[in-house]
Amino acid sequence: MKRSLIDILDFSVEEIEQLIKVALDISKNPKKYANKCKGKKLATLFFEPSTRTRLSFEAAMYELGGHVLGFSDAKNSSVSKGESVSDTVKVVSCYADIIAMRHPLEGAPLVAAQKASIPIINAGDGGHCHPTQTLADLFTIYKEKGRLNNLTVGFCGDLKYGRTVHSLIVALARYTGIKIVLISPDELKLPFYVKRELELNKISYIETDNLENALGELDVLYMTRVQGERFADQAEYERLKDCYILNEEKMKHAKNDTIILHPLPRVNEISVALDDDDRACYFKQVLNAKHIRMALILKLLAEKDVEVLDYISRCEISKLDDKKCSNPKCITNTEQELGQSFKLVDKEYDIHRCVYCEKKIK
Ligand code: CP
């Protein structure tokens, strides 16, 4: 399998530090990088809507002197005729040097990485994870706070379906002196498997539904949109969609140097009036994302001949003959002959998860 970025944990803390260093240099000396990808092609395979991720990958490749091909709507690809993810990426491997893929099915980029002969970048898979947004978030925190250790980080809103939240929490769990404050209604609490990651890394966290009370402690406030597209029950979405609206009044409870992040798109959860507040960093995040995606493309193309162990071989796989992943959004439901694979993630509680979507197996 080629070196790819499927999950933020595919990269060590040191590798992320190095990416941040390169992204900083790119932001200061863009001309130095203008021809680094001359003759190279990035394919953007977006089976789900996107503004920032797709366009920033495309801008990143153009600014590196490379070319871009791809589609932004599954209806315009042969997937609409029933083509599998495996076949699609085998075909695109003949046209491009690297692929950025967004897919509504969880685990689709992992299947792509197993089948493609070129590196795959997970640009978001269902409600599962979004590692390149995490790189942008870490880079922004580093630029604004000067460190990734010793921070109190609050996550507010849809912590259940927000894939950027899951990836960033898992990433932060590897740093020291991190405290996490989880702010959500009961219905949108962080999944147990992400909380367990905090516990295993001995990261202290609290859960609350009160944003105002939590604000005064935070160095970073990560706001999120309630993800309407992931709800099975639209009435429940309507009830919860405006559960938190950050505005100037609420920000009076925050410190002068608390930074506000949001992966965007924003709906109602941050008042537009806050955009001029010096603490609002969500549009800086967008520019930072382009620079760190440039650094990522350079890294993966430089390592294109490095073969890594297949992801499944890296996990402690369990044989659970009678079991099937119950997640209707898991790629194992649609990809022919993929089969089921389960990994043992927690020996203490004997917890197994689907390798592809990480749904707990009951
Ligand atoms: N942050 C983010 O993933 O935005 P898009 O959905 O517009 O790509």
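Order of listing sets the numbers, starting from 1, for every ligand and every atom in it. By convention here, the first residue in the shown sequence is residue 1.
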Taking the side chain as everything from C-beta on, heavy atoms only, tell me whether Ile260 gets closer than 4.5 Å to Tyr222. no

Who pairs with Asp209 by side-chain contact (heavy atoms from CB on, under 4.5 Å), at least two apart in sequence or on another chain? Tyr244

Residues in contact with ligand 1, criterion: heavy atom under 4.0 Å: Ser50, Thr51, Arg52, Thr53, Arg102, His130, Gln133, Pro263, Leu264

For the pair Glu63 and Lys36, evaluate salt bridge (Lys or Arg N to Asp or Glu O under 4.0 Å) and give the outcome as yes or no after the intermediate values. CA-CA 9 Å; Glu63 289 183 30; Lys36 293 275 185 197; over 6 Å; no

When you measure from the side chain of Thr224 to the backbone of Asp158, do you find a donor-acceptor pair of N or O atoms at a distance under 3.5 Å? yes

Using salt bridge (Lys or Arg N to Asp or Glu O under 4.0 Å), reason through Glu17 and Lys21 one step at a time and then give a plain yes or no. CA-CA 6 Å; Glu17 251 172 49; Lys21 208 167 140 193; over 6 Å; no

Could you check if a side-chain atom of Glu144 sits within less than 4.5 angstrom of a side-chain atom of Ile259, using non-hydrogen atoms only? yes

